[in-house]
Amino acid sequence: MTEDDRGTGPLCLVTGATGYIGGRLVPELLAAGLRVRCLARSPERLRDHPWAGDVEVVRGDVTDAESLARAMRGVDIGYYLVHALGTGGDFEETDRRAARTFGEQAGAAGLRRLVYLGGLTPRGVPERELSPHLRSRAEVGRILLGCGVPTAVLRAAVVIGSGSASFEMLRHLTERLPVMVTPSWVRTRIQPVAVRDVLRALVGCAGLPADVNRTFDIGGPDVLTYQEMMIRYAAVAELPKRLILPVPMLSPGLSSHWVGLVTPVPASIARPLTESLRYEVVCHEHDIARYVPDPPGRPFGFDEAVRLALRRVREAQVTTRWSSASLPGAPSDPLPTDPDWAGGSLYTDCRERSVDAPREALWRVIEGIGGDNGWYSFPLAWAVRGWLDRLIGGVGLRRGRRDAARLRVGDSLDFWRVEEIEPGHLLRLRAEMRLPGPAWLEMYAETDGTGRTRYRQRALFHPRGLLGHAYWWSVSPFHAVVFGGMARNIARAAEADAGRPVPEGAATGDG
C-alpha cells in the first residue's frame, strides 16, 4: 500500500510487533483508524501477517539511535512493547539503555505521546527487593515518564489470552497435573486481566490528553490466588477437581524448572514469571476508566477470559503466542547461501524422493509438519532430543504450532523457527534448540523434468569450534534413520493424503 492508502489518522510507531502483544495491537490500531509503522530487527518476520499490507515496516532496533531516528520521522505516538528479559545477566542494563535511547529519540522527533506496557508491582515492597523482571519493568517506566514526552505506563499482572506465556503456564499445569505439589506462591493474590482489555487500554491511550504523564494499573474484576486460578480454570475447562498441595521449600529456581518440565514454557521464561508471583500484585486504582471508559460487561472476569482463550485454542485461532518473539540467545547467523555468509565448515545431509501425488498434496504435508503431526520419523529420537534440550535450558519440542495447518515466517514450530516459506515450494526452519552452532532444515516440493512430484530435503549445520564438529560426527550415524525416515514418510504421507481437500484459512481473534 502507498502512504496515502493507509488513512489520515495519527501515525503510531509499534515496537515489538513480532511479539505476543505487539502482533495483536497492530490490527486493533488499524481498526481504530490509526496509521501504523512497525519497527523490527527482522522485517521479513512480519511479511505473512494478515495486516502486513496495511502498515509500513522499517528495519531497526530500540538500542540503535540512528535507526530509531529514521523510524520516528512523522510519528505521533510511540508504543514501547519490548524488553530484554532472558538475554543474559545484564538484561537490566540493556533495558535501561534501550528505554533511554527510545525516550531521547522520541523527544528529538517531537512525538506527542508514548505508551508502555509494564508490570504491576506490589505496594510497600522496596524496588531493590523485587525480582529482576519486575524491577526492570518499573525502571523502564520511570525512564520513559521522565523523558519529556507525555507517557502512559500501563501496569498489568497476569495476562490471560490464548498463547500468552502466563495462560500457557496455567493451562498446562492444570490440565496435566490432577494432583500438584506446588510452591508457596500459589497462595499469592493476583489480579489477572484479559488480553482483550489490555489491547483496549493500549489503543485508548492514543487519545489521552497531552497533560497526562503517569502510570495506570489495569486488571480484571477478580482478585485470586494462583491456586484459585487453577481451580477455576479446571471448572471452566470442565476438568475433574484438582488437588493442590503447596510446599514452601520450592525456591523460584526449582519452581521454574518444575514449570519447564510440565509446560511448554522453558525455564528461562518461567523463572521471571514465577519470581513475580511471589508478590501480591493487585491494582490500587482504575483511573484509566476516566479516559478509556469500560464498555458494558468489561473488563472481562477471569472465567470469561479463560473461556475466550480456550475457544481460540480449540478452534486453532491463536493469532500470536508467547513464542512469537525470538527466543533469547537463539542463533541469528545468516543462512549459508546468503551473500554475507562468513564461510567455514558446513555439514549437510540431503535426501530426495519421488512422490506419487500432486505437488499440492506434498506441500500440505510439509506445511503441516510438527506439533501434533510430529516429524515423520523415529518419534522416540525426536522426543529424547526434545527432553535433552529442556534439561539444558532449551525450549524442547512442546512449543508446538500456532496454527494446525498454516505457517508464516517467524512462527515457532517445536524447537524450530520458520525462517522462510515460499507457499507450495519451500519451508526453511532455523533450529532454536541448544546446539554448538546454527542449524537449518529445508523441505522442498518440486516438479522434475518428467512432470513428477519430487520431495527434496536438506539439513545444514555450521559447527562452532571443536565441540561443533564432534557433535555432528556423533549424531551423523543416526541421520539415515532420522532424516532418511523423515523423507520416506513425508512422501508416503503425501501419497496417502492426495485426496484430502485443502483446508480453509483459520480466522483470527483476540481471545
Side-chain angles (χ1 to χ4, degrees), residues 44 47-48 334-341 343 345-382 385 401-411 413-431 438-462 472-473 475-506:
E44 59 275 6
R47 185 191 69 197
D48 296 332
L335 183 73
T337 51
D338 288 352
D340 57 347
W341 175 244
S345 299
L346 180 68
Y347 293 117
T348 62
D349 182 281
C350 301
R351 311 277 170 170
E352 292 190 28
R353 302 280 301 189
S354 293
V355 183
D356 189 16
R359 184 168 157 181
E360 294 78 12
L362 174 59
W363 178 251
R364 287 202 297 270
V365 175
I366 292 173
E367 192 176 11
I369 201 166
D372 291 339
N373 291 329
W375 292 87
Y376 294 96
S377 73
F378 202 8
L380 180 59
W382 287 90
R385 186 63 184 85
R401 299 172 53 104
R402 176 190 57 83
D403 184 286
R406 305 296 185 194
L407 292 173
R408 64 190 184 203
V409 171
D411 273 359
L413 179 59
D414 292 329
F415 46 40
W416 304 90
R417 176 82 56 184
V418 179
E419 184 174 85
E420 182 57 85
I421 184 167
E422 297 175 14
H425 174 56
L426 164 67
L427 174 63
R428 179 185 301 138
L429 306 176
R430 178 189 293 274
W440 297 263
L441 178 62
E442 293 181 330
M443 290 166 276
Y444 294 84
E446 299 177 331
T447 304
D448 64 20
T450 65
R452 292 200 63 187
T453 300
R454 193 156 191 83
Y455 172 68
R456 185 159 61 89
Q457 174 182 297
R458 189 167 70 136
L460 305 98
F461 179 65
H462 178 60
W472 176 265
W473 289 110
V475 298
S476 58
F478 303 100
H479 285 175
V481 175
V482 175
F483 291 132
M486 184 178 179
R488 181 173 59 254
N489 292 329
I490 284 176
R492 288 175 178 172
E495 292 166 352
D497 192 56
R500 186 171 67 89
V502 178
E504 296 182 0

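These figures come from a predicted structure and were not determined experimentally.
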Asker: Can you classify the ring geometry of W472 versus F461 as parallel (below 30°), tilted (30 to 60°) or perpendicular (above 60°)?
Answerer: parallel
Asker: Has the side chain of D411 got a donor or acceptor atom that lies under 3.5 Å from a matching backbone atom of R408?
Answerer: yes
Asker: Looking only at atom types and distance, does a side-chain atom of R353 sit under 3.5 Å from a main-chain N or O of I490, one as donor and one as acceptor?
Answerer: no
Asker: Any side-chain heavy atom of R454 within less than 4.5 Å of one from V355?
Answerer: no
Asker: Under a 4.0 Å threshold between the charged nitrogen and the carboxylate oxygen, would D403 count as salt-bridged to R406?
Answerer: no
Asker: Under a 4.0 Å N-O cut-off, is there an ion pair linking R430 with E419?
Answerer: yes
Asker: State plainly whether the residues R351 and D349 are in salt-bridge range, i.e. N to O under 4.0 Å.
Answerer: yes
Asker: With a 3.5 Å cut-off and no angle check, do the side chains of D414 and W375 form a donor-acceptor pair?
Answerer: yes
Asker: Nearest 0.5 Å, what's the CE-CG distance between M443 and L427?
Answerer: 4.5 Å
Asker: Under the side-chain contact (heavy atoms from CB on, under 4.5 Å) rule, what do W473 and Y347 come out as? Steps first, then yes or no, please.
Answerer: CA-CA 10 Å; W473 289 110; Y347 293 117; 3.1 Å; yes
Asker: Charged N to carboxylate O below 4.0 Å: is that the case for R359 and E446?
Answerer: no
Asker: For A357, is there any backbone N or O sitting under 3.5 Å from a side-chain donor or acceptor partner on T453?
Answerer: yes
Asker: Please list, chain by chain and in numerical order, all residues satisfying side chain to side chain donor-acceptor pair (under 3.5 Å) with Y444, sequence neighbours excluded.
Answerer: E442
Asker: Mind checking whether I421 and R47 have side chains closer than 4.5 Å, heavy atoms only?
Answerer: yes
Asker: Is there a side-chain contact between L441 and Q457 in this structure, where contact means two heavy atoms from C-beta onward sitting under 4.5 Å apart?
Answerer: yes
Asker: Which residues pass the side chain to side chain donor-acceptor pair (under 3.5 Å) test with R452, sequence neighbours left out?
Answerer: none
Asker: Under the side-chain contact (heavy atoms from CB on, under 4.5 Å) rule, what do R458 and L460 come out as? Steps first, then yes or no, please.
Answerer: CA-CA 6 Å; R458 189 167 70 136; L460 305 98; 3.6 Å; yes
Asker: Tell me whether S377 contacts the main-chain N or O of V482 through its side chain, where contact means a donor paired with an acceptor under 3.5 Å.
Answerer: yes
